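Structure first, commentary second.
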Amino acid sequence: MENKDSSKISRGDLLKGIVKKGGLMMLGGLPWAAYVEENKEEEFVLRPPGAVDEKKFVESCIKCGICVEECPYDTLKLAKPGDDALTGTPFFTPRDIPCYMCTDIPCVEACPTDSLLKDLVSDDNNDKYDINKAEMGVAVIDRKNCLAYWGIRCDACYRACPLLDEAIVLNFERNKRTGKHAMMKPEVNADICTGCGMCEHACITEKASIFVLPREKALGKVNDDYIKGWDEEDESRLDSNNIYIDKNQVEKSTLDYLNDTGSLLNDE
Amino acid sequence: MMSNLSKYRYLILRRIVQITILVLFWGANRYGWKVLVGNLSTAKVLDSFYLADPLAVLQILATGTIISLDILIGVLIIVIFYGLITGRSFCSWVCPINIVTDSAAWLRKKGYGEKGNKYLKLPKSMRYYVLGLALILSLVLGVAAYEVINPIGITVREIVFGFGISATVLILIFLFDLFVLKNGFCGHICPVGGFYSLISKFRLLKVHLENDKCTSCMDCKTVCPEVQVLGIVGKKSGDISQGACTNCGRCIEVCEDDALRFKFF
Ligand code: SF4
Ligand code: SF4
Ligand code: SF4
Ligand code: SF4
Ligand code: SF4
């Protein structure tokens, strides 16, 4: 392109050159593409509050790190190559530093790209921040190693939770082994838990027995065949998901099926 | 001594600018300074407006994402500043990678590196293909593809957010430039430099040659990282107008005959 005698190159040669170089680049693009693909498929990453869904997030975050700088607790880090998040994007590791759920949410306030979206962490009128709306993840309890499930008294996570008695509740049960003690088993309410990770941070076992996972990883999903008929909100799933059965099509295909005697008579 | 110093006047100034910018970013993270917050991909200036890397934003747009007005204005400022005023000066006055590649070029000139590009020949235009590919991959993969491997971003983040400089990328680039290809990374591969080359053709600030003074010593050509732009040296007076010139001013300061100078307009 910056070749001095480019004027002497015929158009055909130029075209050939472009095709050749383009081809070479495509070849070089393969490992590049593979690396990018592999780097962006980190599925267990926890994002700051208000983050749009992961697929959108890796598209739109410009990796400026302003959220990181605004966070007063140094919760957020920008991923470096080798971290479990797309290089350059912010994430947090609650076992090291959880999100302390600032009520003024400075990280969200500062994001210039709407990758952290105010609407997702505001009250219903969208005029005041409500950090309790955050869905960074959801805490999951490993009942095998949680000491409270052994019958040992520990409520570290319960007390650490900023939504105490809402996001984590303690279920009292008789300790059948001793016959005279109570068990106080923590249980997470996934509808309320924000995934801040203060519980994970506080857990006293060597490796945390309560930990935050991305909601898509930790939670199942029920299709519209099952609706809580007693719950108005759940019933609204029917409208919003736009279940529309085209009767004509169904009848037609059923009739077709019944009329299709050909396959019955056909012995092959 | 004085004359010696004046032979490096732009170089020294450039290093000061490059390092100051990094220090300001670093201080923003460390002490909450508000002059430049963020990093070279997007920065908030004086708590009032943004600057944004046009290539990073192009890649984001290629993924099909709508970008906020703040950022678009930031891109516009950058494009006008470099494209219409100071040219590809991002490379020589701002980008920290330039310190590394300049050092490699300097050692090469001293005779330490490999001589004469025996191992690899790449066309200078390669960076435009990398740029094109970056956009295509962003479109296909749904993530700003070059930003994942961009050594500028990786390095600046390491310095500013203080995960310590792992330096792997820097060392690779250094060795590549020293032993494999002269001006290898910045002159052939980096699509950021490529992007600024593409938009800088009509800049106001240019190096100007007065050929009457030129003794054809070719000192300028030994220091220039983009030698091909100095085609007119020893031939005819005029502006160094190709976009690839980084306005580093090295040619000006090494010229013993005062034949080169910066010219505005
Ligand atoms: S809400 Fe506060 S603690 Fe949590 S990430 Fe944002 S700034 Fe940090
Ligand atoms: S402030 Fe927004 S765009 Fe910048 S790194 Fe954080 S999430 Fe990404
Ligand atoms: S992550 Fe843990 S501490 Fe935070 S809201 Fe959920 S249960 Fe409570
Ligand atoms: S070519 Fe790229 S790496 Fe080199 S100085 Fe310019 S922007 Fe920086
Ligand atoms: S022509 Fe001069 S100013 Fe331009 S890149 Fe070469 S040495 Fe630097």
Side-chain angles (χ1 to χ4, degrees), chain A residues 1-6 17-18 20-41 52 54-72 74 76-83 86-90 110-115, chain B residues 25 28-30 32 37-44 50 52-53 56-57 60 63-68 70-71 74 123-126 128-130 132-134 136-138 140-150 153-154 157-158 160-161 163 166 168-169 197 226 228-229 231 242-244:
Chain A
M1 207 165 270
E2 279 158 19
N3 199 321
K4 262 178 273 161
D5 21 56
S6 57
I18 290 178
K20 198 171 130 204
K21 281 174 212 150
L24 276 175
M25 287 304 305
M26 285 302 160
L27 215 59
L30 285 179
W32 179 4
Y35 178 74
V36 173
E37 189 69 8
E38 131 98 28
N39 190 245
K40 79 163 190 190
E41 306 272 278
V52 294
E54 180 66 14
K55 190 176 162 291
K56 288 250 56 156
F57 190 81
V58 295
E59 284 177 1
S60 64
C61 168
I62 199 164
K63 308 165 184 73
C64 64
I66 297 180
C67 53
V68 174
E69 300 191 5
E70 287 300 321
C71 174
D74 287 343
L76 305 174
K77 304 276 178 268
L78 289 187
K80 46 186 190 305
D83 279 337
L86 180 75
T87 302
T89 53
C111 176
T113 61
D114 290 344
S115 302
Chain B
F25 278 132
N29 185 46
R30 191 82 167 62
V37 183
N39 58 42
L40 288 180
S41 81
T42 286
K44 193 168 190 188
Y50 292 93
D53 173 1
V57 171
I60 290 179
T63 67
T65 301
I66 297 162
I67 208 91
S68 70
D70 279 347
I71 299 284
K124 287 249 161 190
S125 59
M126 169 125 149
Y128 306 119
Y129 291 88
V130 178
L133 194 56
I136 295 172
L137 288 184
S138 303
V140 177
L141 301 174
V143 39
Y146 187 65
E147 297 317 301
V148 178
I149 54 171
N150 188 347
I154 292 171
R157 284 193 298 270
E158 279 173 348
V160 174
F161 297 98
F163 351 108
S166 71
T168 326
V169 209
S197 302
E226 296 284 348
Q228 78 282 2
V229 307
Q242 282 188 36

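Quick note on labels: first sequence line is chain A, next is B, and so on, each numbered from 1. The model shown is predicted, which means the values in this text are computed figures rather than measured ones.
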Do A:L78 and B:N39 come close enough that some side-chain heavy atom pair is under 4.5 Å?
yes
Any side-chain heavy atom of B:E147 within less than 4.5 Å of one from A:L86?
no
Check [X] against [Y] and note the closest heavy-atom contact, atom names and distance.
{"X": "B:A145", "Y": "A:V36", "value": "O-CG2, 3.8 Å"}
{"X": "A:E69", "Y": "B:F25", "value": "OE2-O, 4.3 Å"}
{"X": "A:V58", "Y": "B:G142", "value": "CG2-O, 4.1 Å"}
{"X": "B:G38", "Y": "A:I66", "value": "CA-CG1, 3.9 Å"}

With chain A, which of [options] has the greatest number of heavy-atom pairs at distances under 4.5 Å?
{"options": "B:L133, B:I67, B:V57, B:D53", "value": "B:L133"}
{"options": "B:N150, B:D70, B:V140, B:I149", "value": "B:I149"}
{"options": "B:S138, B:A134, B:G132", "value": "B:A134"}
{"options": "B:N29, B:I71, B:I66, B:L40", "value": "B:N29"}

Between [X] and chain A, which part of the residue has a heavy atom less than 4.5 Å away: side chain, backbone, both or neither?
{"X": "B:V130", "result": "both"}
{"X": "B:I136", "result": "side chain"}
{"X": "B:Y146", "result": "both"}
{"X": "B:I60", "result": "both"}
{"X": "B:L137", "result": "side chain"}

Return the CD to NZ distance between B:E158 and A:K80, rounded to the nearest 0.5 Å.
8.0 Å
Using modelled atom types and a 3.5 Å cut-off, is there a donor and acceptor pairing between side-chain atoms of B:S41 and backbone atoms of A:I62?
yes
So for A:K40, is it side chain, backbone, both, or neither that comes closer than 4.5 Å to the heavy atoms of chain B?
side chain
Please classify the contact of A:C67 with chain B as side chain, backbone, both or neither, using a heavy-atom distance under 4.5 Å.
neither
